[in-house]
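What follows is a short report on a single structure.
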There are 2 protein chains.
Amino acid sequence: MERIVRKYRGKGFKLTPQRIAILKFLEGNTNHPTAEDIYTEIKKKYPTVSFATVYNTVQALRDRGELLEITIDPERKHFDPNPSAHHHIMCTGCGKIGDVFFDYSMSLGLPEEVTREFAVTGNHIDFYGICTSCREKTS
Amino acid sequence: MERIVRKYRGKGFKLTPQRIAILKFLEGNTNHPTAEDIYTEIKKKYPTVSFATVYNTVQALRDRGELLEITIDPERKHFDPNPSAHHHIMCTGCGKIGDVFFDYSMSLGLPEEVTREFAVTGNHIDFYGICTSCREKTS
DNA sequence: TACTATAATAGAATTATTCCAAGATAGTAA
DNA sequence: TTACTATCTTGGAATAATTCTATTATAGTA
Ligand SMILES: [Mn+2]
Ligand SMILES: [Mn+2]
Ligand SMILES: [Zn+2]
Ligand SMILES: [Zn+2]
């Protein structure tokens, strides 16, 4: 909370109660929530909060580089309050998304026919797998 | 066409004219079309074709492992008639998607804290970059 | 304390995708 | 061939995610 105020004050980002609630929910959150996850959570404290506010806020944070949009799930977007370069793994059973903190860039050289056409600027790896609790269910 | 008929006949996949047109459009297509791209193309020859048919057909093909769904573009799904394991690169200027045929699996070992939680089954790399024609425009 | 640029809200609009019920037809078997 | 039926196609409605809009509220500042 202190940290949040310090971080955003005087940067043209108004700290409204709804935004503070969203920032608190996101801070340190490694669950990669969807817009609906955020909405549902904030609604507990602010029953009149709207989806527009959630989307506006995540967009503002994305524009400031404070949050990433994750595409690993074909069904919907997930958001990640950790903007540092890292990768993800999704359980194909339950959809749970985990972090993969390892820098693979060194190993990701591209074939010449690709670099001829594209100036590469970044990469992101989607891993797929089965999480522990899903494995228990099936066995 | 011959090849197509041979491939699907007697496999419980009815070869209707619309499906044949979709299969022809997809065969060897490396453009990673969206559902709308497919629909627009098929509509030229079959003006009454419906989106439902396009979606039904790509689903049927996906279920048979003949086609992949690509998630690199946060806006919409793209389809890939090449089901072999490969990766993609998208131009952040125009959205063009290219193929990356290189097997990186050897270099993609996962940290122990991830393998403890997930039994890994696959991976897919999204690369980002700027394509030639987008670079020309900006310069 | 007052002002104003910015944000919150409800609800409509848009877009992508799926569902549905009715009518057609591909493939098979007689 | 012909007839049958499981599967397919279609238009349009339904759903779900996301964005837009007009109005009202308010955070930050002077
Ligand atoms: Mn993450
Ligand atoms: Mn491809
Ligand atoms: Zn799971
Ligand atoms: Zn481009």
Side-chain angles (χ1 to χ4, degrees), chain A residues 1 4-23 25 32-64 66-79 95, chain B residues 1 4-23 25 32-64 66-79 95:
Chain A
M1 173 69 208
I4 290 174
V5 174
R6 221 176 304 119
K7 186 169 186 180
Y8 291 100
R9 187 198 327 246
K11 301 242 173 56
F13 183 86
K14 284 192 180 173
L15 283 171
T16 65
Q18 296 87 339
R19 283 183 167 187
I20 290 170
I22 293 174
L23 288 166
F25 175 61
H32 307 93
T34 62
E36 190 176 13
D37 293 335
I38 299 172
Y39 174 75
T40 302
E41 177 65 23
I42 305 313
K43 210 170 168 63
K44 288 180 191 163
K45 192 160 178 198
Y46 298 94
T48 68
V49 74
S50 71
F51 264 105
T53 294
V54 172
Y55 280 107
N56 287 341
T57 303
V58 298
Q59 265 184 36
L61 293 173
R62 167 156 44 77
D63 294 347
R64 281 153 207 275
E66 300 290 343
L67 170 146
L68 298 175
E69 218 173 84
I70 308 290
T71 62
I72 195 172
D73 177 359
E75 304 307 317
R76 57 189 62 75
K77 289 175 189 167
H78 292 250
F79 300 97
Chain B
M1 171 74 209
I4 291 172
V5 174
R6 220 176 303 120
K7 187 169 186 179
Y8 291 99
R9 186 198 329 247
K11 301 240 172 57
F13 182 85
K14 284 194 180 175
L15 283 170
T16 65
Q18 296 87 339
R19 284 182 166 187
I20 290 170
I22 292 173
L23 289 167
F25 175 62
H32 308 92
T34 62
E36 189 174 15
D37 294 335
I38 299 171
Y39 174 74
T40 302
E41 177 66 24
I42 305 312
K43 210 169 169 67
K44 290 181 191 164
K45 192 162 178 196
Y46 298 95
T48 67
V49 76
S50 70
F51 264 105
T53 295
V54 171
Y55 280 107
N56 287 341
T57 303
V58 299
Q59 265 185 35
L61 292 173
R62 168 158 41 81
D63 293 347
R64 282 150 206 278
E66 301 288 345
L67 172 145
L68 298 175
E69 219 171 83
I70 309 289
T71 62
I72 194 172
D73 177 0
E75 304 307 316
R76 56 189 63 73
K77 288 176 189 168
H78 291 251
F79 299 99

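These numbers come from a predicted model, not from an experiment.
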Within this structure, what is the [atom1]-to-[atom2] distance between [X] and [N], rounded to whole angstrom?
{"X": "Tyr8(B)", "N": "dT7(D)", "atom1": "OH", "atom2": "P", "value": "18 Å"}
{"X": "His78(A)", "N": "dT18(D)", "atom1": "NE2", "atom2": "C1'", "value": "15 Å"}
{"X": "Asp63(B)", "N": "dT7(D)", "atom1": "CG", "atom2": "P", "value": "14 Å"}
{"X": "Tyr39(B)", "N": "dG12(D)", "atom1": "OH", "atom2": "P", "value": "11 Å"}
{"X": "Ile42(B)", "N": "dC8(D)", "atom1": "CD1", "atom2": "P", "value": "17 Å"}

Problem set entry | Pair Glu36(A) + Arg76(A): basic N to acidic O under 4.0 Å |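 Arg76(A) and Glu36(A): not salt-bridged.
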
For this session: Report yes or no: is the cationic atom of Arg64(A) (NZ for Lys, CZ for Arg) under 6.0 Å from the centre of the six-membered ring of Phe13(A), at an angle within 45° of the ring normal?
Result: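 No, Arg64(A) and Phe13(A) do not form such a contact.
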
Exercise. Considering the options Phe25(B), Tyr46(B), Phe51(B), which one meets the ring-ring contact (aromatic ring centres under 6.0 Å, His included) requirement together with Tyr39(B)?
Worked result: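 The residue from Phe25(B), Tyr46(B), Phe51(B) that satisfies ring-ring contact (aromatic ring centres under 6.0 Å, His included) with Tyr39(B) turns out to be Phe51(B).
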
Exercise. Are Tyr8(B) and Leu23(B) side-chain neighbours, meaning at least one heavy-atom pair lies under 4.5 Å?
Worked result: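 Counting from C-beta outward, Tyr8(B) and Leu23(B) do come under 4.5 Å.
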
Exercise. When Val58(B) is tested against each of Leu67(B), Thr53(B), Asp63(B) for side chain to side chain contact (heavy atoms under 4.5 Å, CB included), which residue passes?
Worked result: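 Output: one option passes, namely Leu67(B).
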
For this session: For the pair Arg19(B) (side chain) and Lys14(B) (backbone), establish whether a donor and an acceptor sit closer than 3.5 Å, ignoring hydrogens and angles.
Result: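 Indeed, once roles are kept as given, a pair shorter than 3.5 Å links the two residues.
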
Exercise. When every nucleotide of nucleotides 6-18 of chain C is labelled 5' to 3' by its protein contacts under 4.0 Å (heavy atoms), B for base, S for sugar-phosphate only, - for none, what sequence of letters results?
Worked result: BSSBB-----SSB

